[in-house]
*Asks:* 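Encoded as C-alpha cells, here's the structure I'll be asking about.
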Amino acid sequence: MCGIVGYVGPNDTVDVLLNGLRRLEYRGYDSAGIAVIDASGEVSVRKRAGKLARLEELLEASPVSATGTGIGHTRWATHGGPTDENAHPHLGDGGKLALIHNGIVENFVELRGELEADGITLISDTDTEVVAALVGREVARQGDLETAFRAVVARLRGTFTLLAMHRDEPGKVVSARHHSPLVVGLGEGENFLGSDVAAFVSSTRRAVAVDEDNIAIITPDEVRITDFAGNPVEFTEYEVEWDATASEKGGWSSFMAKEINDQPEAVDNTLRGRITGDHVEIPELTELGDDLLRDIERVVIIACGTASYAGQIAAYAIEQWARIPAEVQLSHEFRYRDPVLTERTLVISVSQSGETMDTLMAVKYASEHGARTVSVCNTQSATIPRESDAVVYTHAGPEVAVASTKAFVAQITALYLVGLHLGHVRGTLSAEASAQAVRQFEALPAKVREAVETHEQIEQLAHWMADTRSVLFLGRHVGYPVALEGALKLKEIAYIHAEGFAAGELKHGPIALIDHGQPVFVLVPSPRTAPIMHSKVVSNIQEIRARGARVIAIVEKGDTAVLPFADDVIRLPLADVFFEPILQVIPLQWFALELSTAKGLDVDQPRNLAKSVTVE
Ligand code: AGP
C-alpha cells in the first residue's frame with residue numbers, strides 16, 4: 001500500500017526522499033511524487049503515475065533544488081485511477097501547502113461538497129486533495145499549520161496517515177495517524193517520518209512509533225507528539241533491530257530469491273532464547289502468567305493469506321501439544337460471524353507486517369469482547385502487537401518481496417513454540433514429546449538449508465513447464481495448508497490459475513479437473529512418522545495418475561513408494577510430520593519464483609498487490 005516519507009534537515013532533500021521512497025517500493029504502488037520547499041521558498045511538486053523511475057526521469061528533466069523540508073509518497077490507488085493528477089502530494093492554500101496521505105477518508109464526498117460550495121475547485125478524483133484543500137483553507141483562516149491541521153484531522157472519518165508542510169513554515173512537517181502506521185526517525189540535526197522504518201533506516205535506527213490518534217511534529221532539532229486535541233504525549237524511542245543492508249537485495253536477482261535463501265537464519269533467529277533444556281519457554285508468554293494460560297479453553301488464530309496458512313498448520317500442532325481446541329479464521333470474516341469469545345479464549349493474530357487492517361480490526365474486536373490476545377508478528381512496534389496483550393516476534397528480518405516466504409516459515413516456527421509453551425505450562429505435553437520437538441527444532445535450520453538447495457531441480461522443472469496454464473496442489477493434514485500456500489504463491493507472482501486441495505477431498509469434486517498432462521504437486525507425508533496418511537496419499541497419486549495427471553511428488557528422502565507413479569520427485573530431509581511443512585513449502589516457493597521469472601514478470605512487485613494491506 002502507499003508509502004510515506006517526510007524529512008527536515010540539512011541533507012539533499014530530494015535525495016533523502018527518493019532514497020526513502022525506493023526503500024518503500026516493496027509496499028506496492030502505482031504512482032509516486034515528492035514536494036519540497038525549493039530555493040525560492042515556494043512549494044515545488046514533482047509527481048508521476050507509474051514506477052519511481054518515471055518520477056526520477058521527471059526530476060532529471062525538471063530538477064528542483066530543495067532547502068531541507070520535504071515529503072514523498074508512493075500511491076496505491078483507491079479513489080481515482082493511477083494518473084499524474086491523482087498522484088500525491090496534493091496542494092492547498094493556493095499551492096502554499098502540500099499534503100500526502102495513506103488510507104481512505106470515508107466522509108470525503110461530504111467534505112468535497114463543502115469545499116465546492118465554498119468556491120474551491122479540486123482537480124483530482126482523490127479523497128486526499130479534499131484534505132489538502134481543507135487544511136489549506138484552515139491555514140488561511142487560522143494562520144498556522146499545526147492549528148489548522150489539528151482542526152481538520154478531527155473532522156476526518158476513515159483511516160489515515162497524513163503528512164503536511166507549508167511554505168510559510170519551512171523546516172517543519174506535521175503528521176497524524178488514525179488506524180494507519182506512522183513512525184518517526186530520530187537523527188542528529190535532522191528528523192524523519194515514515195509509514196515504516198524502511199523510509200529512514202539508512203540514515204538512523206532510532207525510531208518512535210506514533211500511537212493511535214496522535215500528531216507528530218518534526219523540525220530538525222525537535223520532535224513533539226500530541227493527541228488530536230493538542231495535549232503533549234510522552235513517547236519512548238526504540239532501536240530498529242536490523243540495518244539498511246538487511247532490506248537490500250545484495251547480489252540476488254530478486255528480493256524473493258534472497259528471502260527464500262534467508263530462511264535457515266529466519267528459523268534459527270525465531271528459535272533463539274526460547275528453548276530451555278528440553279522444553280520451550282517463551283518469556284513474552286511467561287509474562288502473561290501461567291494461570292491465565294492454564295485456563296484457556298479455546299484458541300482462535302486470526303490472519304489473512306499466507307499468514308492464515310501458517311495458522312492452519314499450527315492449529316493441528318497446538319491442539320495436539322496443548323490439548324486445546326484450536327481453529328483458524330480469516331481476519332476479515334471473524335467479526336462478522338459474531339464469534340463466541342470469553343476471557344478463556346486465546347486469540348492469536350499472525351501478521352508479518354503487523355499492520356494488516358483486517359487483522360488489526362479483528363484483534364480490537366477480540367479484545368473488546370473479552371478475549372486474551374497474543375500477536376505473532378515480524379515487525380517491531382507495529383500496530384497489531386501494540387494492540388495485543390502479548391507479542392511473540394518472529395525474527396525473520398525485513399521481508400521486502402510481496403510474496404511472503406521467510407515470514408511464513410518463521411510464523412510456523414513461532415506458533416509451534418507457542419503450542420509447546422502452552423503444552424508445557426498446562427502439563428499436556430510429555431517430557432519425551434517435548435524433548436523430541438526440541439530435537440526437531442535444533443536440526444531444523446540445517447534441513448531448511450538443504451530444502452533451499454532444491455532450487456536447481458525446480459528451476460529445470462519450471463523451465464519445462466513455462467507454458468503451464470493451471471497447476472494443482474494436494475496435501476493432507478498439515479500438508480493441506482502447504483498446498484494452499486503453494487497455489488497462492490503461483491497465483492500472486494506468476495498469475496497462473498492454481499488451486500490447493502485436501503487430498504481426501506479429491507473424489508468429492510476436484511478430480512473432475514484432472515485431464516491429460518495436468519500438473520499436480522503432491523505433498524507426501526513421511527512413511528516413517530505418518531504411515532497411514534502416507535499410504536492414503538500414495539493412493540491419491542495413483543488415482544490422479546490413472547486420469548493422466550503429471551505428478552510432481554515432494555517426498556522425504558528414502559521414500560520409494562511413490563516412484564512408480566510420479567513423473568518428478570523432489571526429495572527433502574527427514575523430519576517429524578509437524579516439521580515437514582517448513583521444508584515442503586520451499587520447493588513450491590522456488591517453483592512460483594521460477595515460473596514468474598520465465599514469464600518475464602516482476603517477481604517482487606506483482607500487479608495489483610501490496611505488501612501490507614492497510615485498508616479493509
Ligand atoms: C503472501 O504472499 C501475501 N502477499 C499475503 O497473503 C499476506 O500474507 C497477507 O496479506 C497477510 O499479510 P501480513 O502477514 O502482513 O498480515
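Read the numbers this way: they start at 1 and go in the same order the structure lists the ligands and their atoms.
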*Asks:* Which heavy atom of the protein is the closest neighbour of atom 14 (O) of ligand 1, given with residue, atom name and distance?
*Replies:*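 Closest protein heavy atom to atom 14 (O) of ligand 1: Q352 N, 2.6 Å.
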*Asks:* Which atom names give the shortest non-hydrogen contact between V478 and V577, and what distance separates them?
*Replies:*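 Smallest interatomic distance, heavy atoms only, reads CG2-O, 3.6 Å.
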*Asks:* Does an N or O from V402, backbone or side chain, lie closer than 3.5 Å to an N or O of ligand 1?
*Replies:*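 So ligand 1 has an N or O lying under 3.5 Å from an N or O of V402.
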*Asks:* Within a distance under 4.0 Å of any heavy atom of S404, pick out the atoms of ligand 1 and give their elements.
*Replies:*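 Atoms satisfying the 4.0 Å criterion: 1 (C), 2 (O).
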*Asks:* Check this for me, if you would: do E327 and R298 make a salt bridge, where the nitrogen-to-carboxylate-oxygen distance has to be below 4.0 angstrom?
*Replies:* yes
*Asks:* Quick one: nearest non-hydrogen protein atom to atom 15 (O) of ligand 1, plus distance?
*Replies:*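 Nearest neighbour among protein heavy atoms for atom 15 (O) of ligand 1, to 0.1 Å: S353 OG, 2.7 Å.
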*Asks:* Looking at K489 and E485, is any side-chain nitrogen of the basic one under 4.0 Å from a carboxylate oxygen of the acidic one?
*Replies:* yes
*Asks:* Could you list which atoms of ligand 1 come closer than 4.0 Å to a heavy atom of A307?
*Replies:* 8 (O), 14 (O)
*Asks:* Between CG of D568 and CG of L461, what distance do you get to the nearest 0.5 Å?
*Replies:*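 That separation rounds to 5.0 Å.
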*Asks:* Looking at R23 and E248, is there a salt bridge between them, counting it only when a charged N and a carboxylate O are closer than 4.0 Å?
*Replies:* yes
*Asks:* Are any of the side-chain heavy atoms of R335 and M361 separated by less than 4.5 Å?
*Replies:*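 Yes, side chains in contact.
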*Asks:* Specify the protein heavy atom at minimum distance from atom 10 (O) of ligand 1: its residue, its atom name, and the distance to 0.1 Å.
*Replies:* V613 CG2, 4.3 Å
*Asks:* At what distance is the nearest protein heavy atom to atom 3 (C) of ligand 1, and which residue and atom is it?
*Replies:* E492 OE1, 3.4 Å
*Asks:* Quick test: of every protein heavy atom, which one is nearest to atom 5 (C) of ligand 1, and how far off is it to 0.1 Å?
*Replies:*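 Going atom by atom, the protein heavy atom closest to atom 5 (C) of ligand 1 ends up being T306 N, 4.2 Å.
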*Asks:* Ignoring hydrogens and angles, state whether a donor on the side chain of T128 or R75 is under 3.5 Å from an acceptor on the partner side chain.
*Replies:*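 Judged by distance alone, the side chains do not pair up.
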*Asks:* For the pair E284 and R274, find out whether any cationic side-chain nitrogen is under 4.0 Å from an anionic carboxylate oxygen.
*Replies:* yes
*Asks:* Indicate yes or no: does an N/O atom of T356 lie under 3.5 Å from an N/O atom of ligand 1?
*Replies:*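 Yes; the residue has a nitrogen or oxygen that sits under 3.5 Å from a nitrogen or oxygen of the ligand.
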*Asks:* Applying a strict 4.0 Å limit to heavy atoms, is A403 in contact with ligand 1?
*Replies:* yes
*Asks:* Less than 4.0 Å between a side-chain N and a carboxylate O, is that true for R449 and E265?
*Replies:*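 Judged by the 4.0 Å cut-off on N to carboxylate O distance, E265 and R449 do form a salt bridge.
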*Asks:* Within ligand 1, which atoms have a heavy atom of K489 less than 4.0 Å away?
*Replies:*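 What qualifies from ligand 1 is 1 (C), 2 (O).
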*Asks:* Looking at ligand 1, does any of its N/O atoms fall within less than 3.5 Å of an N/O of K611?
*Replies:*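 Between K611 and ligand 1, no N or O pair is found under 3.5 Å apart.
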*Asks:* Numbering the atoms of ligand 1 from 1, which are under 4.0 Å from a heavy atom of S351?
*Replies:* 13 (P), 14 (O), 15 (O), 16 (O)
*Asks:* May I ask you to decide whether E237 forms a salt bridge with R206, counting only side-chain N to carboxylate O separations under 4.0 Å?
*Replies:*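 Salt bridge between E237 and R206, a charged N being under 4.0 Å from a carboxylate O: yes.
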*Asks:* Considering only the protein, which heavy-atom contact is closest to atom 11 (C) of ligand 1, and what is its distance?
*Replies:* C304 O, 3.4 Å
*Asks:* I'd like to check which ligand 1 atoms, numbered from 1 as shown, lie under 4.0 Å from a non-hydrogen atom of G305.
*Replies:*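 Contacts of ligand 1 toward G305, numbered from 1: 6 (O).
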